[in-house]
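Note on naming: letters A, B, ... go to the chains in the order of the sequence lines (proteins, then strands), and numbering restarts at 1 for each one.
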2 protein chains.
Amino acid sequence: MAMAEERTSHRPAPVHSHPDEVPILTALAALADPVRIQLVRELAGSPEWTRTCGSFDVPVGKAALSHHFGVLRAAGLVEQRDEGPKRVNRLRREEFDARFPGLLELVLRADLG
Amino acid sequence: MAMAEERTSHRPAPVHSHPDEVPILTALAALADPVRIQLVRELAGSPEWTRTCGSFDVPVGKAALSHHFGVLRAAGLVEQRDEGPKRVNRLRREEFDARFPGLLELVLRADLG
DNA sequence: TGGAGTGTTCGATGAAGACCATACACTCCC
DNA sequence: GGGAGTGTATGGTCTTCATCGAACACTCCA
């Protein structure tokens with residue numbers, strides 16, 4: 001029998017999708033939202049694992065914000081990890097780019113006009 | 001004074017957007033739909049100006065189909081021209097690719113799984 | 001001139017999803 | 001233990017949009 005991983009938290013870990021299992025429709029739908037584009041762009045401009053969910057400058061309440069992060073996780077765009085009471089984020093640049101070459105860069109580079 | 005173009009038709013010409021004036025959000029939203037992806041892909045596999053609107057194999061009625069073509073025109077993805085009673089289509093490959101490099105190819109190449 | 005073929009417009013309906021306020025759960029530190 | 005800080009879940013509202021049926025407009029040809 002395999003040993004279970006040591007359980008240091010009583011909080012359910014966030015559910016992730018790897019980009020490789022994400023349909024292109026899901027990826028496009030996830031990126032076709034102004035709030036989520038903003039999240040991705042701010043995340044791209046910060047070192048990995050440095051941004052907590054509440055640290056983003058978006059004009060929505062925290063409930064909606066939590067929802068958006070769920071969509072980004074499901075699309076394979078964002079990875080999350082619990083650090084104490086906070087939840088820190090990382091943009092899955094390489095993995096996502098391997099699955100959808102150029103898409104992420106397009107969103108990061110384009111002027112939103 | 002410039003001469004007006006000879007008017008050979010009494011039907012209003014379809015309204016187009018050039019990809020250069022299309023916000024990326026509009027482009028992503030236009031592509032985040034299974035019916036429209038199918039239209040783009042079939043169009044990509046046919047010579048220009050050969051496909052009429054009704055010639056596509058999509059599971060929607062003609063009213064919805066007309067709506068989808070309107071969205072594709074507004075996103076700078078499709079150009080239309082009237083030919084007699086029919087309306088023929090052309091995928092704006094080069095122009096769209098110049099504005100959003102790689103995006104169209106991504107949609108054409110990806111398995112929809 | 002009138003009918004067949006093609007596509008758009010209109011009005012209505014139903015589903016999806018973006019949002020909020022509230023309540024809850026978990027972690028840390030005093 | 002209790003309170004502050006952080007994020008999630010729930011229930012409800014509102015908007016957007018995909019869809020349809022039906023009516024309409026235009027073109028071509030018999």
Side-chain angles (χ1 to χ4, degrees), chain A residues 6-16 23 25-40 42-43 49-75 78-90, chain B residues 6-16 23 25-40 43 49-75 77-90:
Chain A
E6 179 90 18
R7 201 114 152 75
T8 166
S9 164
H10 300 146
R11 186 170 12 170
V15 178
H16 290 98
L25 253 164
T26 303
L28 291 173
L31 290 171
D33 178 280
V35 172
R36 290 194 288 266
I37 284 199
Q38 182 63 24
L39 294 177
V40 166
E42 282 195 36
L43 210 42
W49 307 121
T50 62
R51 301 296 300 268
T52 68
C53 291
S55 73
F56 291 83
D57 185 27
V58 287
V60 296
K62 57 180 188 173
L65 190 57
S66 180
H67 160 69
H68 283 302
F69 273 109
V71 174
L72 291 177
R73 282 199 310 270
V78 163
E79 191 177 4
Q80 296 185 316
R81 174 210 295 170
D82 288 339
E83 244 172 42
K86 314 197 174 184
R87 182 160 282 188
V88 289
N89 297 275
R90 171 193 160 253
Chain B
E6 179 90 19
R7 202 114 152 72
T8 168
S9 163
H10 301 148
R11 184 168 16 168
V15 177
H16 290 98
L25 253 163
T26 304
L28 291 173
L31 290 171
D33 177 280
V35 172
R36 289 193 289 266
I37 285 199
Q38 182 62 25
L39 295 177
V40 167
L43 211 41
W49 308 120
T50 63
R51 302 294 302 267
T52 68
C53 292
S55 73
F56 291 83
D57 185 26
V58 287
V60 296
K62 58 179 186 170
L65 190 57
S66 179
H67 161 68
H68 284 302
F69 273 110
V71 174
L72 292 177
R73 281 198 313 267
L77 275 159
V78 163
E79 190 176 5
Q80 296 186 316
R81 174 212 295 171
D82 287 340
E83 244 173 42
K86 313 197 173 182
R87 182 160 282 188
V88 289
N89 297 274
R90 174 193 157 249

Atom pair distance, as rounded to whole Å: NE2 in His68(A) and P in dG7(D): 15 Å
Sugar-phosphate only, base, or nothing, as touched by Asp82(A) at under 4.0 Å among non-hydrogen atoms: nothing
Rounded distance in Å - CD (Glu83(B)) to C1' (dC29(D)): 17 Å
Interatomic distance where NZ belongs to Lys62(A) and P belongs to dA4(D) [whole Å]: 14 Å
Side-chain N or O of His67(A) closer than 4.0 Å to phosphate OP1/OP2 of dG7(D): no
Test item: Arg90(A) and Val78(A) side chains (from C-beta on) under 4.5 Å apart, heavy atoms: no
Basic-acidic side-chain contact under 4.0 Å: Arg81(B), Glu83(B): yes
Test item: side-chain donor near acceptor, His16(A) and Arg73(A), under 3.5 Å: no
Value in whole Å for how far the P atom of dT6(D) lies from CG of Leu65(A): 13 Å
Given DNA chain C, 5'-ward residue of the pair Pro85(A) and Ala64(B), judged by closest heavy atom: Ala64(B)
Atom-to-atom span, CZ of Arg87(B) to P of dA25(D) - whole angstrom: 16 Å
Sugar-phosphate, base or nothing in reach of Lys86(B), heavy atoms under 4.0 Å: sugar-phosphate
Non-hydrogen atoms of Val60(A) and Val35(A) that approach each other most closely: CG1-CG2, 4.1 Å
Phosphate contact (dA18(D) OP1 or OP2) by Arg36(B) side-chain N/O below 4.0 Å: yes
First-last contacting nucleotides on DNA chain C - partner chain A, under 4.0 angstrom, heavy atom: dA18(C) to dC28(C)
Closest non-hydrogen atom pair between Leu25(B) and Asp33(A), with its separation: CD2-N, 3.5 Å
Considering all heavy atoms, the nearest Gln80(B)-Cys53(B) contact: NE2-SG, 3.4 Å
Value in whole Å for how far the P atom of dC17(D) lies from CZ of Phe69(B): 19 Å
Ion pair Glu42(A)/Arg51(A), N-O distance below 4.0 Å: yes
